[in-house]
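Computed from a predicted structure; not experimentally measured. Order of the sequence lines fixes the chain letters, A, B, ..., with proteins taken first and strands second; residue numbering starts at 1 for each chain.
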There are 2 protein chains.
Amino acid sequence: MKHIAESTVRRLSLYLRFLEELEGQGRETISSEVLADSGGTTSAQVRKDLSFFGSFGKRGLGYSVTALAKRLREILGLGQPWQVVIIGAGKIGAALAQYRGFRARGFHVVGIFDSDPAKVGRTLDGVTVSDLAQLERELKQLKPQIAVLTVPADVAQELVQRLTKAGVRGILNFAPATLHAPDGVTVRSVNMALELEILSYALAHER
Amino acid sequence: MKHIAESTVRRLSLYLRFLEELEGQGRETISSEVLADSGGTTSAQVRKDLSFFGSFGKRGLGYSVTALAKRLREILGLGQPWQVVIIGAGKIGAALAQYRGFRARGFHVVGIFDSDPAKVGRTLDGVTVSDLAQLERELKQLKPQIAVLTVPADVAQELVQRLTKAGVRGILNFAPATLHAPDGVTVRSVNMALELEILSYALAHER
DNA sequence: CTAACTTTGTGAAGAATTTCACAAGCCCCC
DNA sequence: GGGGGCTTGTGAAATTCTTCACAAAGTTAG
């Protein structure tokens, strides 16, 4: 398949979220126009985004809410559950471990690791924090595809190596560091301070 | 000034982070090439990004680390401190309130609000949680420019209205909702589940 | 069954962003 | 003080992403 831009995938996720809301309300069909408003884009953009994957609509009527939601889940790889481990049981790691939004989307937290003896042994939402020293041993059992990194920046890269070697294919990084991973491993970074800085730029340059 | 793309601003932030590391190491100059590697981009991109704001380098030598860092701080609006309030003292809100990275960048958390009586009155990192019902009254004193929203999605839009009316100019939203704000108010959204979904897409479509 | 209306799917145009490539400027050494 | 070696700054080209605009297809009403 042709390469799909990240911005497109991001919008597909947004469409799906809105479609699931509509499903709950029992709505049957929706037009690209309404879907566009919900995601802050245009109807042409919605149709173009979807057209990369096929044609799911009925002219004159729009899209079937349930059929499109189902298709988007497939496209996004949400048809299957994913096993996720969280590395770092600090404030952010603990918050994420207990975040309902992950499980609701099929992301199952199967392990949490930390090197601080004071945190090892604690239980967060049914999962016990393991010693980071046991990472490799435990990952052999857990076989997670995805890891969430909430560790200090200076150890983040080293953990990418260890996780990659243990078979992890996707890493969501919250440490303020630019990470490098081998081919076949996808790393995404979320940097809260950076988001505030973009806001700062916007406020400083108003008008 | 010509409009600057968000992707450019994002990279400027990354350059600044790396420059500050170099400052700590006492390094004096740096080339666009090295700066590019640190942010996962190309030297041409670095030079183009900087060129929007002037020309700061010396040919044959590169950029002065301290001078460029200083200039980037100005460009990003980090020369001044920003007052920030956090709305929602749940897991994520509390974690952010205590996050050192914010203060280090000049973002000062001056208020935290929640509607849950069990949370009102607690102290997080020196700031006492206030009742959300008192939001308007307290914002008159605090005069924050920025708000961080960590509330359930169904009340997020309503809070955008209240915050905007109270003079907030920038909102960093963690609720999984698409928000609309009047002109002159910037909203940025961080959606952790969505980031995992983008990862899911990448893993599902490998090769 | 027909006509008026709605909405999709998609090439083509347009806009935005990134990459290329090279002249010009500056340093350093001899 | 001249030459070799780097590195910047920047138009132009290439690429990527978004918007336009419209034929085609389906719906609804009468």
So that I can tick it off, tell me whether A:Asp49 and A:Arg10 are bridged by a salt bridge, with the cut-off set at under 4.0 angstrom between side-chain N and carboxylate O. no
From CG of B:Asp49 across to P of C:dT17 the rounded distance in Å is 11 Å
Rounded to the nearest 0.5 Å, what separates atom OG1 in B:Thr29 from atom OH in B:Tyr63? 12.0 Å
Among residues 9-35 of chain B, which contact DNA chain C at a heavy-atom distance under 4.0 Å? B:Arg11
Compare side-chain N and O positions of A:Ser51 against OP1 and OP2 of C:dT8 and report whether any pair is under 4.0 Å apart. no
Using a cut-off of less than 4.0 Å, is there contact between a side-chain N or O of A:Ser55 and OP1 or OP2 of C:dG9? yes
Show every side-chain hydrogen bond (donor to acceptor under 3.5 Å, both in side chains) that has at least one partner inside residues 145-167 of chain A, sequence neighbours left out. A:Glu136-A:Arg162
Closest non-hydrogen contact found for B:Phe107 with B:Val84 is CB-CG2, 4.0 Å
Test applied, side chain to side chain contact (heavy atoms under 4.5 Å, CB included); reference residue, A:Leu35; option that passes from A:Leu68, A:Thr41, A:Val65: A:Leu68
Ignoring backbone atoms, establish whether B:Ser7 has a side-chain N or O less than 4.0 Å from OP1 or OP2 of C:dT17. no
Contact check, side chains of B:Glu197 and A:Arg17, non-hydrogen atoms, under 4.5 Å: no
Interatomic distance, NZ@A:Lys70 vs CG@A:Leu19, rounded to 0.5 Å, equals 14.0 Å
Indicate whether OP1 or OP2 belonging to C:dT6 is found under 4.0 Å from a side-chain N or O atom of A:Tyr63. no
With A:Phe102, which residues qualify under ring-ring contact (aromatic ring centres under 6.0 Å, His included), at least two apart? A:Tyr99
Side-chain N or O of B:Gln45 versus OP1/OP2 of C:dT19: is the shortest distance under 4.0 Å? yes
Taking the side chain as every heavy atom from C-beta outward, state whether B:Leu14 and B:Ser38 have any pair of such atoms under 4.5 Å apart. no
What is the separation between atom NE2 on A:His3 and atom C1' on D:dC17, rounded to the nearest whole Å? 12 Å
For residues 78-93 of chain A, which residue pairs qualify under side-chain hydrogen bond (donor to acceptor under 3.5 Å, both in side chains), counting only residues two or more places apart or in two chains? A:Trp82-B:Ser200, A:Lys91-B:Gln98
D:dT10 P sits how many Å from B:Lys2 NZ, rounded? 13 Å
Student check: side-chain heavy atoms of A:Thr178 and B:Phe18 closer than 4.5 Å: no
Does anything in residues 180-190 of chain B come within less than 4.0 Å of DNA chain D? Heavy atoms only, and list the residues if so. none
For nucleotides 21-30 of chain C, just jot down a letter per nucleotide in 5' to 3' order: B, S or -, based on protein non-hydrogen atoms under 4.0 Å. B-BBBBS---
